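Data first, discussion second: the structure below is written as C-alpha cells.
Since we're looking at a predicted model, the values are computed, not measured. Hydrogens, waters and symmetry mates play no part in the numbers below; they use all other heavy atoms, side chains included.
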Amino acid sequence: MKPDKNMKLADLMYGHGSKFMCSLSGRFDPGKYPDEPPIQICEMKCGCWIVTDGNNRVGLILKKNPEATIADIPERLLATARFGDWDDEMMDWWNQCAKSFREVMGKRGKNTELDPENETVG
C-alpha cells in the first residue's frame with residue numbers, strides 16, 4: 001500500500017534530526033540525474049510518512065510549489081515502505097522527534113512561512 005497521491009509533500013516528515021539544509025538549487029528536474037535513487041518514503045509507527053532519502057529533492061519541489069502532493073513525484077522516482085518493512089529502530093535513533101517539511105522549512109528565522117518565492121532555505 002502506498003500513501004495517498006493527494007497527500008501534501010509539506011505534511012511528510014523530514015527525515016533528519018537537524019535543521020533543514022537544501023544542498024541542491026534550481027528546479028526539481030526528474031531527468032537531470034537519471035541514476036539518482038528513488039525518493040524513499042516510509043511509514044512511521046504513528047501512521048505518518050517520513051522521507052528517509054530524497055529530502056533535498058522534496059525541498060526543491062516545495063520551494064516552487066508549497067501545495068505539491070505525492071502525485072508531483074514521478075512514480076519511477078518514488079519508493080515506499082509500510083511500517084514494519086524497514087528498520088524502525090534505526091529511525092528512532094536517527095530522528096526521534098521528526099517534524100513535517102512545513103515546520104522545518106518554515107523555521108528560517110522567528111516566524112517565516114514556507115515561501116516558494118524565496119530561493120534560500122537554510
Side-chain angles (χ1 to χ4, degrees):
M1 184 175 196
K2 294 183 179 183
D4 186 310
K5 291 286 187 187
N6 296 318
M7 182 184 293
K8 293 195 181 289
L9 294 181
D11 293 333
L12 294 175
M13 306 309 275
Y14 174 65
H16 287 286
S18 59
K19 181 172 116 175
F20 178 74
M21 298 296 283
C22 190
S23 61
L24 301 176
S25 62
R27 287 186 168 262
F28 172 71
D29 181 359
K32 191 171 184 179
Y33 303 103
D35 296 332
E36 192 75 24
I39 295 171
Q40 297 172 18
I41 302 174
C42 300
E43 187 179 27
M44 299 172 70
K45 293 177 196 174
C46 62
C48 298
W49 290 85
I50 190 162
V51 179
T52 57
D53 187 26
N55 287 285
N56 284 323
R57 289 175 282 165
V58 171
L60 286 179
I61 295 168
L62 287 170
K63 284 195 305 186
K64 293 295 178 189
N65 179 8
E67 297 300 315
T69 65
I70 288 182
D72 291 308
I73 299 173
E75 201 161 314
R76 66 179 173 74
L77 285 182
L78 184 65
T80 59
R82 302 236 4 125
F83 176 68
D85 294 341
W86 65 291
D87 191 350
D88 61 302
E89 287 181 25
M90 175 64 112
M91 193 64 222
D92 286 343
W93 168 80
W94 182 35
N95 190 1
Q96 296 175 354
C97 300
K99 295 179 173 121
S100 70
F101 274 88
R102 181 179 325 281
E103 187 173 349
V104 298
M105 289 180 74
K107 289 192 174 186
R108 292 175 283 148
K110 269 192 152 185
N111 194 7
T112 308
E113 294 298 318
L114 180 59
D115 182 359
E117 299 301 317
N118 188 340
E119 288 299 314
T120 58
V121 176

Between Pro38 and Leu78, is any pair of side-chain heavy atoms under 4.5 Å apart?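 Pro38 vs Leu78: side chains apart.
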Side-chain contact, heavy-atom cut-off 4.5 Å: Ile70 with Leu9?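 They are in side-chain contact.
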Ignoring hydrogens, what is the shortest heavy-atom contact between [X] and [Y]? Give both atom names and the distance.
| X | Y | result |
| --- | --- | --- |
| Ala98 | Met44 | CB-CE, 4.0 Å |
| Arg82 | Trp49 | NH1-CZ2, 3.6 Å |
| Met7 | Leu12 | SD-CD2, 3.6 Å |
| Ile73 | Ile61 | CG1-CD1, 4.0 Å |
| Asn6 | Thr69 | O-CG2, 3.5 Å |
| Ala10 | Ser100 | O-CB, 3.4 Å |

One pair to check against side-chain contact (heavy atoms from CB on, under 4.5 Å): Asp53 and Ile39. What are the steps and the verdict? CA-CA 6 Å; Asp53 187 26; Ile39 295 171; over 6 Å; no
In Å, rounded to the nearest 0.5 Å, how long is the span from [atom1] of [X] to [atom2] of [Y]?
| X | Y | atom1 | atom2 | result |
| --- | --- | --- | --- | --- |
| Gln40 | Asn55 | CD | CG | 10.5 Å |
| Asp72 | Lys64 | CG | NZ | 14.5 Å |
| Tyr14 | Met105 | OH | CE | 9.5 Å |

Listed by chain and number, what are the salt bridge (charged side-chain N to carboxylate O under 4.0 Å, His left out) partners of Glu67, not counting sequence neighbours?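 If we apply the salt bridge (charged side-chain N to carboxylate O under 4.0 Å, His left out) test to Glu67, skipping adjacent residues, the hits are Lys8.
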Sequence neighbours excluded, which residues qualify as side-chain contact (heavy atoms from CB on, under 4.5 Å) partners of Pro74? Phe28, Pro30, Arg76, Leu77
